[in-house]
Protein chains: 2
Amino acid sequence: MRTFVVAADAGQFQEAAADLSITQQAVSKRIAVLEKDLGVRLFTRTARGAALTIDGQAFLPHARELLRVAERAVASVRAGHRPLRVDVIASRGAASGLMRGFHRAHPEIELDVVWLFDIETAVAAIRSGAIDASFRAVAAPGRPLPGDIESVRAIDEPLQLLTGPAHALAGARSVTLAQLAGHRIWMPGIVPGTEWAAYYDDLVAEFGLTIEATGPNFGSDALLDTVADTPALATFMGAQTRLVWPAGHDLRRIPVTDPTPVYPHSLLWRRDNPHPALATLHAHLAATAAGHDDAGTWVPHWVGPR
Amino acid sequence: MRTFVVAADAGQFQEAAADLSITQQAVSKRIAVLEKDLGVRLFTRTARGAALTIDGQAFLPHARELLRVAERAVASVRAGHRPLRVDVIASRGAASGLMRGFHRAHPEIELDVVWLFDIETAVAAIRSGAIDASFRAVAAPGRPLPGDIESVRAIDEPLQLLTGPAHALAGARSVTLAQLAGHRIWMPGIVPGTEWAAYYDDLVAEFGLTIEATGPNFGSDALLDTVADTPALATFMGAQTRLVWPAGHDLRRIPVTDPTPVYPHSLLWRRDNPHPALATLHAHLAATAAGHDDAGTWVPHWVGPR
DNA sequence: GCTAGCCCACAACGTTCGGTTGTGGCTTGC
DNA sequence: GCAAGCCACAACCGAACGTTGTGGGCTAGC
């Protein structure tokens, strides 16, 4: 591909060969192989060089794009000045939406979003420099953050109840936490020992809920399918979580009140991380932070004040 | 790259090898080479398979994107169902802007824009099926379109005068064609025999202008640079042409009146071209066509009625 | 109209790359 | 403790891809 682009720019194979530090014959061969693979002629050979055919013209921007993408791919793992690497707890949740907004506001900042197991892994990765920041609920009690890690409350995501159409609460405009006692709430995939498990443990303990984490986690598609079809099951879902709605299903999102359980995403980063985009991310957070009203909401006691 | 993506999805090299119909050892080798080239570890090898490292997680979406781009590149020259291929006369002119609008309105339609020499080439390419449509001024007198080619007036692009700040007309809010007689208008790159040359020939003959096509065409950057710095030179430029403004220059776009010369872009296509997106393009043209007012405008006599 | 210059394609050849088979080490689970 | 599963290393072999050498075809200039 690179040979094709260089040859197209040069207008002749000879110059392209010089640019690539190979022989003209090698360029000729590479182009011939590419043409054979594609099944079309890309250049018309003349005595003065090689001009693009119409197919070649159509192909050229795609080839350039491929080189750009390849370069970005390499840059994403380059030591030193690589894209800002941020860990988010759920790929479709509020933190992920915030990063989308950040990307829209600063499209020039290269960004990679990864998705680590839990806050322990995230903190280790932040300390090692493998990632630059993380959106997480801060560590559970007895596990304070190391001194070189800073954190700030970033987004609070209210939880909603997600039910199928036949669920007893399907018609409710909102439900209280007290009303949920006795109903089965199914959240497969919760792994004990993680900070998100600790969040739901506290929620269960404080309001007497029944959360079942049993069964293997087959992904959100399977979860939604099951919830939609099972009248006795409901699940919790972040209000800002973008669902991929299963086709043909009728799912209900019901706000939870008195209080509203809120999942607290803090931004974590290492104090001496020199990545320039980190400051931009902080500025973006400050700029987009809505006025917070903690009245009527619940977070675990181990989450620090704002 | 494909091996990396397949292995990441499979979670182990063995299964990836089966998917790719190669041996596990080959997968191991390919990944090892990729890791060596990138200088980072992409997988952590365990007894149960291979899990992505953080670098691998960051790299994965880029790798997927690369495969997508590669597939689109191949599709762009695939015989049969390839993207709609449209020829536009200037890469930044009105027709090009229209295609951008079409792409925004129908992002699902794959599109390739090419850029042929003149209408003769374009008609030949349309007849051969190499391209699907072309935005062109219809053929000059004595050169009717072949019977299998249809055309419809699509966009009229008014010409404006482009001058530097020191030009005699730089301060004018508008100029008439009669006022331009005696001024030097420089349009390098006009090639005799093309339909666009015929347009300017007629314009010169009818209004007694002085258009100089001398000198090699070093591209629009050089043209703008020269016009900006030379008080005695001006040039014509389509009103809807998106310029890449040279840094530090002060260029003026001055409307031309009495009459306003208008470059007529017709859409040309082959009657029996079966490409489904062609109908969508027609519909888009009809939907976006503004009400036309031909009063006070000029086009060559050989351009048919609307 | 011939020739010199330029550019690309074809052929022959050697190295390198990338696949295979064979094997061993490590972890996990019964 | 052993069997099963998975990955890495080594040896080997063929294909791929580079090189050098050469020829054909178009163009420009005398």
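Side chains included, hydrogens not; waters and symmetry mates left out as well; all remaining heavy atoms used. Chain identifiers are assigned alphabetically (A, B, ...) following the order of the sequence lines, protein sequences preceding nucleic acid strands; residue numbering begins at 1 within each chain.
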*Are any of the side-chain nitrogens in B/Arg68 or B/Glu71 under 4.0 Å away from the carboxylate oxygens of its partner?*
no

*Taking all heavy atoms of B/Asn273 and all of B/His275, pick out the closest pair and write down the distance.*
OD1-N, 2.8 Å

For atom [atom1] of [X] and atom [atom2] of [N], their distance in whole Å:
X: A/Leu20; N: D/dG18; atom1: CG; atom2: P; value: 10 Å
X: A/Phe13; N: D/dG18; atom1: CZ; atom2: P; value: 14 Å
X: B/Gln14; N: C/dT27; atom1: CD; atom2: C1'; value: 14 Å
X: B/Arg45; N: D/dG5; atom1: CZ; atom2: C1'; value: 17 Å
X: B/Lys36; N: C/dG18; atom1: NZ; atom2: P; value: 10 Å
X: A/Arg30; N: C/dC17; atom1: CZ; atom2: C1'; value: 14 Å
X: A/Ile22; N: D/dT20; atom1: CD1; atom2: P; value: 12 Å

*Could you verify whether a donor N or O on one side chain and an acceptor N or O on the other, from B/Asp118 and B/Thr194, lie under 3.5 Å apart?*
no

*Counting N and O atoms only, with roles assigned by atom type, does the side chain of B/Ser134 sit under 3.5 Å from a partner on the main chain of B/Arg136, one being a donor and the other an acceptor?*
no

For nucleotides 1-4 of chain D, tabulate all protein N/O to nucleotide N/O atom pairs closer than 3.5 Å, reporting atom names and distance.
none

_Within a 6.0 Å radius of atom CD on A/Glu212, are there more than 12 heavy atoms belonging to other residues, nucleotides or ligands?_
yes

OP1 or OP2 of [N] sitting under 4.0 Å from any side-chain N/O of [X]?
X: A/Thr23; N: D/dT19; result: yes
X: B/Gln25; N: C/dT20; result: no
X: B/Gln24; N: D/dC7; result: no
X: A/Ser28; N: C/dC8; result: no

*Mind checking the CD-OG1 spacing from B/Glu195 to B/Thr121? Nearest 0.5 Å is all I need.*
9.0 Å

*Working to the nearest 0.5 Å, report the span between CZ of B/Phe13 and CD1 of B/Ile22.*
11.0 Å

*Side chain of B/Gln12: nearest nucleotide among D/dC6, D/dT19, C/dC8?*
D/dC6

Heteroatom pairs (N/O) under 3.5 angstrom, protein to nucleotides 24-27 of chain D:
{"unit_1": "D/dT27", "atom_1": "O3'", "unit_2": "A/Arg48", "atom_2": "NH1", "d": "3.1"}

I'd like a table of donor-acceptor pairs (distance under 3.5 Å, sequence neighbours excluded) in which one partner is a side-chain atom from residues 39-57 of chain B, with atom names and distances.
{"unit_1": "B/Thr44", "atom_1": "OG1", "unit_2": "B/Ala51", "atom_2": "O", "d": "3.2"}
{"unit_1": "B/Arg45", "atom_1": "NH1", "unit_2": "B/Glu35", "atom_2": "OE1", "d": "3.3"}
{"unit_1": "B/Arg45", "atom_1": "NH1", "unit_2": "B/Glu35", "atom_2": "OE2", "d": "2.9"}
{"unit_1": "B/Arg45", "atom_1": "NH1", "unit_2": "B/Phe43", "atom_2": "O", "d": "3.0"}
{"unit_1": "B/Arg45", "atom_1": "NH2", "unit_2": "B/Glu35", "atom_2": "OE1", "d": "3.1"}
{"unit_1": "B/Thr46", "atom_1": "OG1", "unit_2": "B/Arg48", "atom_2": "N", "d": "3.1"}
{"unit_1": "B/Thr46", "atom_1": "OG1", "unit_2": "B/Gly49", "atom_2": "N", "d": "3.2"}
{"unit_1": "B/Thr46", "atom_1": "OG1", "unit_2": "B/Gly49", "atom_2": "O", "d": "3.2"}
{"unit_1": "B/Thr53", "atom_1": "OG1", "unit_2": "B/Arg41", "atom_2": "O", "d": "2.8"}
{"unit_1": "B/Thr53", "atom_1": "OG1", "unit_2": "B/Leu42", "atom_2": "O", "d": "3.2"}
{"unit_1": "B/Thr53", "atom_1": "OG1", "unit_2": "B/Asp55", "atom_2": "N", "d": "3.4"}
{"unit_1": "B/Thr53", "atom_1": "OG1", "unit_2": "B/Gly56", "atom_2": "N", "d": "3.0"}
{"unit_1": "B/Asp55", "atom_1": "OD1", "unit_2": "A/Arg85", "atom_2": "NH1", "d": "2.8"}
{"unit_1": "B/Asp55", "atom_1": "OD1", "unit_2": "A/Arg85", "atom_2": "NH2", "d": "2.8"}
{"unit_1": "B/Gln57", "atom_1": "OE1", "unit_2": "A/Trp115", "atom_2": "N", "d": "3.1"}

*If the plane angle is over 60° it's perpendicular, under 30° parallel, otherwise tilted; pick one for A/Tyr200 and A/Phe236.*
parallel

*Would you classify B/Ala32 as touching base, sugar-phosphate or nothing, given that sugar-phosphate means primed atoms plus P, OP1 and OP2, and contacts are heavy atoms under 4.0 Å?*
nothing

*Closest-nucleotide ordering on DNA chain D, the 5'-leading residue of B/Lys29 and B/Gly11*: B/Gly11

